[in-house]
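Computation of the quantities below employed the complete heavy-atom set of this structure, encompassing side-chain atoms and omitting hydrogens, waters and symmetry-equivalent molecules. Naming convention: chains lettered A, B, ... in sequence-line order (proteins, then strands); numbering from 1 in each chain.
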There are 2 protein chains.
Amino acid sequence: MSLIIKNGTILTMESDTPQFYKTDIGIKGNRIVFIGDIPSDFTVITEIDAKGKVILPGLINSHSHIAMSLFRHYADDLPFWTWLNDRIIPLEEKLTGEDVYGGSILSIAEMIRSGITTFADMYFFMDDIAKAVSETGIRANLSRGLVFNASRDIKKLETSVELFHKWNDGEDGRIKIDLGPHAPYTCAPEYLKKVAKTAEKLNTGIHIHIAESRREVEEIYSLYKKSPVEYVRDCGIFENRTYAAHCVKVTDDDIAILAKNNVSVMNNPGSNLKFGNGFAPVSKMLDAGINVSLGTDGPASNNNLNMFEEMNLTALVNKAADHSPTSVPAYTALQMATINGAKALGIDKDTGSIKVGKKADIIIIDMDKPHFYPKFNIVSSLVYAAQASDVCTVICDGRLLMSGRKLLTIDEADACRRADLLASNIISLNQ
Amino acid sequence: MSLIIKNGTILTMESDTPQFYKTDIGIKGNRIVFIGDIPSDFTVITEIDAKGKVILPGLINSHSHIAMSLFRHYADDLPFWTWLNDRIIPLEEKLTGEDVYGGSILSIAEMIRSGITTFADMYFFMDDIAKAVSETGIRANLSRGLVFNASRDIKKLETSVELFHKWNDGEDGRIKIDLGPHAPYTCAPEYLKKVAKTAEKLNTGIHIHIAESRREVEEIYSLYKKSPVEYVRDCGIFENRTYAAHCVKVTDDDIAILAKNNVSVMNNPGSNLKFGNGFAPVSKMLDAGINVSLGTDGPASNNNLNMFEEMNLTALVNKAADHSPTSVPAYTALQMATINGAKALGIDKDTGSIKVGKKADIIIIDMDKPHFYPKFNIVSSLVYAAQASDVCTVICDGRLLMSGRKLLTIDEADACRRADLLASNIISLNQ
C-alpha cells in the first residue's frame, strides 16, 4: 500500500497547543513516511483528496467492553446493581464465543464509522474478540477480565497468559494483550498480587476498574480500611504499566498516588453520568500530571461507541462540575481522545498522533456541514459541534477501513442483522 | 399536498408512556388527516416508505438565538462575561439585518438537518428572522430581545408590537410573535411591568431568561432583596403565558412559584454546562409539575443546534447531579424535546405530537445503523445512541423540508458560504 492524502488541514496532536499544517501525508506499508513535499522516490498508488477537510490521528477508545453491544438498549434508566445483577449477568452467563464475536463485529463497525482506530477492551472469549480485530483491521489492547471466584481464577489467569502468547504483537503489532483484573471489589489481595507478578513476568500492562462508585469505596474501606486506589497499589499492581478506568470517587491523596505511580486514568463520562456515579475530577487529575484518556465504556451502559460524544461530554461536564468555563478546554478533550489514549495503552511510539515514522492511524473529517460554519476554530468545531457521522475516511495501520462512509472490511448490513439475531437468541434462552 | 407515510413505526408522544403504532399516516394540506387505514376519499399524491424507520413529531428547540451561528466557534473556553462583553457584544454591535438573515438561514439549515421543525428565538432584526422562517418553511415563536437602556427601550417595545401586528399568525400560523424581555438583570421593574401589560393587551406570550448564573442571583438580590423568579413575578410577567430559559439557580421556593404560575422552563444543558453555570434542577421542577422543555441556546455558546445532543445531555447529566440513575429517563427527555416544547410556546393544539387534526410536523429516523442494533428499545436508542444525522426526512406544516438528507427549501452550500463571508466581514469591521 502506498497512499497519499492531499490538500487537507492536518491537526497532528503532536504538540501541547493546536498546530495545523496544510500539506500532504504519505503512507507506505503501515507507516507515515512523509508530511510535506512528496519525496522523489515515493510512488503514489492511492490518492485521497482531502480538500476542505481536516485530518486527525484516529481516535482511541481506551476503555470498553465492546461485545456488550448485544445488550445495548436492553436495560436502561435502572440502578447499577439492578442493571448488572438482574439484567446483564444472567445474559452474560449465556454468551458463547460466537455471540462475543458477533457483538464485536457490530461494535467495530460502529467504532470505525465514528473515527475510532484503536480500542482497549476487557471482557471474556477474548480469543473471539482478537479474531474480530484481526479480520477488521482495527487496533486493540485486549484483556481477559479476571474475577476471583472459587477455583476459576487460576484458570482465567492461565487463559490470559495463553492469550498473551497467542496474540500479543500479532497482526504486525495491531494486537496487544494486557492483563485485566476486573476491580478491587471483585479481586482478593492474593489474587491481585499474583496478577501483578504475572504482568511483570510478561512485561505487559494492566487494565483495571478503580473507584467507579461510592459503594465500591465503602466496600473496600470496610474490608481493608483503605481506598480502592491504596488497595490496588498495595497489591503491587502499579509496579506495572497500569491504566485504570473511571476513578470517579478518588480523594486528593488517591490522585497523588496515581500520579506518583504513573497510572493512566480512563475517563468515561457517558457511563459515569448514566449510572448516576457523578463526575471524575478530571481537571484535578490533569493538574496533578496524570495521563487522562477517554473511553466509552461498554455500549450497554452508554449506549454507543461515540468518542465525539465523550469528548463533548468531558469538555462540558467538567466545566459545570468545576464551576469554571475554562476547565477541560476543547484541545485537552482532543488530547484525551488521541495521544493520551495511546500513552495509556503503551503504544504512543506507534499511534495517537500524526508523525513521520508512526503507524498510519488517520481519520478525515468532512467539515462541509452547516454546523461547522463559519470556519473560525477547528478544535472547537470538533469538540463542541461535530458528530461521529462527520468522519468520512478511516485509515488504520496504513489500510483504508472506511471511505466515503462505506466500510471496506466489514459487511455492515450483515453485522447488524447477525447481532440482532444473536441478541434475540440470548434473550429467548433467558426466558 | 396530499402525502402518505407508509410502513413506519410511529411514536406519537401523545401519552405519558411510550406507545408505538405500526401503521400509515396521511397528510392533507398542512394537517394530519388519518393514522391507520387509508380513508376511501384520500388521494395519495406523494408516498414515503418508512419501512424499518421510526416516525416522531418534529423536535422543538424552545430556546435559541439562532443568528448567533455567525459567531459559532469564535469564542470558546472563556468565562461568560469575557465571552459576552469582550467577544460577542462588540460583534453584535456591527450586525446588520442582512447578517442576521444569513445567520438564520445557516441555522435553519442545521436545525432541519437535525430534525427540528419548531424553534423559539429571542434576538434583534427579528423581521429578517421572520423572513427566513417564512421562506424556509420551519415553524417559530419569535421575540425581539428587550433590554432597558436609556431611551431605546420604548422604541424596542414599539418595534415588538409592530412585529406582532406584521407577523403573528403569519404563514398560515407558522409564525407566532411573543415579547422578549431579556432577563431580570437587564430590565428594570417599570419596564418589565410595561412589557407585562403589553403582552396582556396583545394576548401573547413572554420569552425571558431567568436565574442563569449565580452572579445574576446575587445582583438581583442586592438590588431588590428578591430572587430573580420573585422579581419577575412581582413585575406581573407571570400573568401572561411565560416561558423562562435556564432557571439553573432556583430555590425550592422559586420552583413552587414557577409551578403555581404555570411558567414553562426551558432547560439548556449544553449551554449551562459550557459556561460552568451548573445543573438546573430538572427532576425537582418536573416533580413540582412544571412543564420543562429543551433548548439549544445560541450556537455561539453550545456550539450546535442539535436537540439529540440536548436530549442525551439532560438524561445523562441529571442522573449524575441527582445521584440517581433513574432521574430524567429517556422518554421524559423525548417529551421535553417535543410536546413540552409545544406547550411552552402555546402551540400544543397544533404541534408537539402526532395526532389526527394537528399540523403535520413529522420527522423520520433511519434506524438502520450499527448504533441502533440490536433493536430492543426505540426510546433508549433515540436518547442514548442517536445522532442528529440519523434523521432522514423532515416535514413541517405538511411540507417536505428534507428528504434523503437533502434540504428542499434551502440551498445548503450557498447558506454555508454566505454565512462564512458575512462572519468574516463582521470580524474585519471589528479589527
Side-chain angles (χ1 to χ4, degrees), chain A residues 69-70 72-74 76-80 83 106-107 109-110 113 270 272-279 302-306 309 312-313 316-317 319-320 322-327 329-330 368-371 373-377 380-381 384-385 387-389 412-413 415-416 419-420 422-424, chain B residues 69-70 72-74 76-80 83 106-107 109-110 113 270 272-279 299 302-306 309 312-313 316-317 319-320 322-327 329-330 368-371 373-377 380-381 384-385 387-389 412-413 415-416 419-420 423-424:
Chain A
S69 58
L70 291 185
R72 186 197 335 246
H73 312 318
Y74 172 69
D76 297 301
D77 299 327
L78 294 171
F80 178 76
W83 175 84
L106 175 71
S107 290
E110 183 188 353
R113 288 177 62 86
N272 297 154
L273 295 167
K274 190 153 180 266
F275 283 133
N277 283 325
F279 314 99
N302 186 310
N303 297 353
N304 55 23
L305 296 151
N306 181 339
E309 212 170 276
N312 189 249
L313 280 173
L316 292 184
V317 159
K319 288 174 174 59
D322 297 344
H323 307 291
S324 164
T326 59
S327 276
D368 203 19
K369 313 270 179 86
H371 53 278
Y373 283 87
K375 295 285 177 70
F376 281 128
N377 183 327
S380 285
S381 303
Y384 297 123
Q387 296 177 54
S389 56
E412 187 181 325
C416 292
D420 213 29
L422 292 169
S424 305
Chain B
S69 58
L70 290 185
R72 187 202 327 252
H73 312 318
Y74 172 69
D76 297 300
D77 300 326
L78 295 171
F80 178 77
W83 175 84
L106 175 71
S107 290
E110 183 188 353
R113 287 178 63 86
N272 298 153
L273 294 166
K274 189 153 183 267
F275 283 132
N277 283 325
F279 314 100
N302 185 312
N303 298 351
N304 55 23
L305 297 151
N306 181 340
E309 211 169 277
N312 189 247
L313 281 173
L316 293 183
V317 159
K319 288 174 174 58
D322 296 345
H323 307 291
S324 165
T326 58
S327 275
D368 203 19
K369 313 270 179 89
H371 54 278
Y373 283 86
K375 293 287 176 71
F376 282 130
N377 183 327
S380 285
S381 305
Y384 296 123
Q387 296 177 55
S389 55
E412 189 181 322
C416 292
D420 214 29
S424 305

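Closest non-hydrogen pair, A/S381 versus B/H73, comes out as OG-CD2, 3.2 Å. Closest approach of B/F376 to A/A423, counting heavy atoms only: CZ-CB, 3.8 Å. Across all their heavy atoms, B/D76 and A/Y384 have their closest contact at CB-CE1, 4.2 Å. Across every non-hydrogen atom of A/A320 and B/L273, the tightest pair is CB-CD2, 3.3 Å. Contact record, B/V317 with A/V317: CG2-CG2, 4.0 Å, taken as the closest heavy-atom pair. Nearest heavy atom pair, residue B/H371 against residue A/N304, reads CB-CB, 4.4 Å.
Heavy atoms of A/A330 lying under 4.5 Å from chain B belong to its backbone as well as its side chain. Contacts between B/A388 and chain A at a heavy-atom distance below 4.5 Å involve backbone atoms as well as side-chain atoms. Residue B/L305 does not touch chain A at all, counting heavy-atom pairs closer than 4.5 Å. Looking at A/L422, there are no atoms closer than 4.5 Å to chain B (heavy atoms on both sides), in backbone or side chain. If you measure heavy-atom distances from B/S324 to chain A, the contacts under 4.5 Å come from the backbone alone. Residue contact with chain B, scored on non-hydrogen atoms closer than 4.5 Å, involves the backbone of A/S69 exclusively. Heavy-atom distances place no part of B/D322 under 4.5 Å from chain A, backbone and side chain included. Residue contact with chain B, scored on non-hydrogen atoms closer than 4.5 Å, involves the backbone and the side chain of A/T326 alike. When heavy atoms are compared at a cutoff of 4.5 Å, A/Y74 approaches chain B by way of both its backbone and its side chain. Heavy-atom distances place the side chain of A/E412, and not its backbone, under 4.5 Å from chain B.
Separating the CG atom in B/N312 from the CG atom in A/N303 is a distance of 9.0 Å, to the nearest 0.5 Å.
Here the side chain of B/R72 pairs no donor or acceptor atom with the backbone of A/P374 at under 3.5 angstrom.
Side-chain contact between A/L316 and B/K274 is present, with at least one heavy-atom pair separated by less than 4.5 Å. Residues B/P325 and A/L78 are not in side-chain contact: their nearest non-hydrogen atoms beyond the backbone lie 4.5 Å or more apart.
Between chain B and the options A/S380, A/C416, A/A419, the largest number of non-hydrogen pairs under 4.5 Å is found for A/C416. Most heavy-atom pairs under 4.5 Å with chain A: of the set B/K369, B/Q387, B/E309, this distinction falls to B/Q387. Your options are A/S107, A/A413, A/G270, A/P79, and the one with the most heavy-atom pairs under 4.5 Å with chain B is A/P79. When each of A/N306, A/N277, A/L70 is checked for heavy-atom pairs under 4.5 Å with chain B, A/L70 comes out on top.
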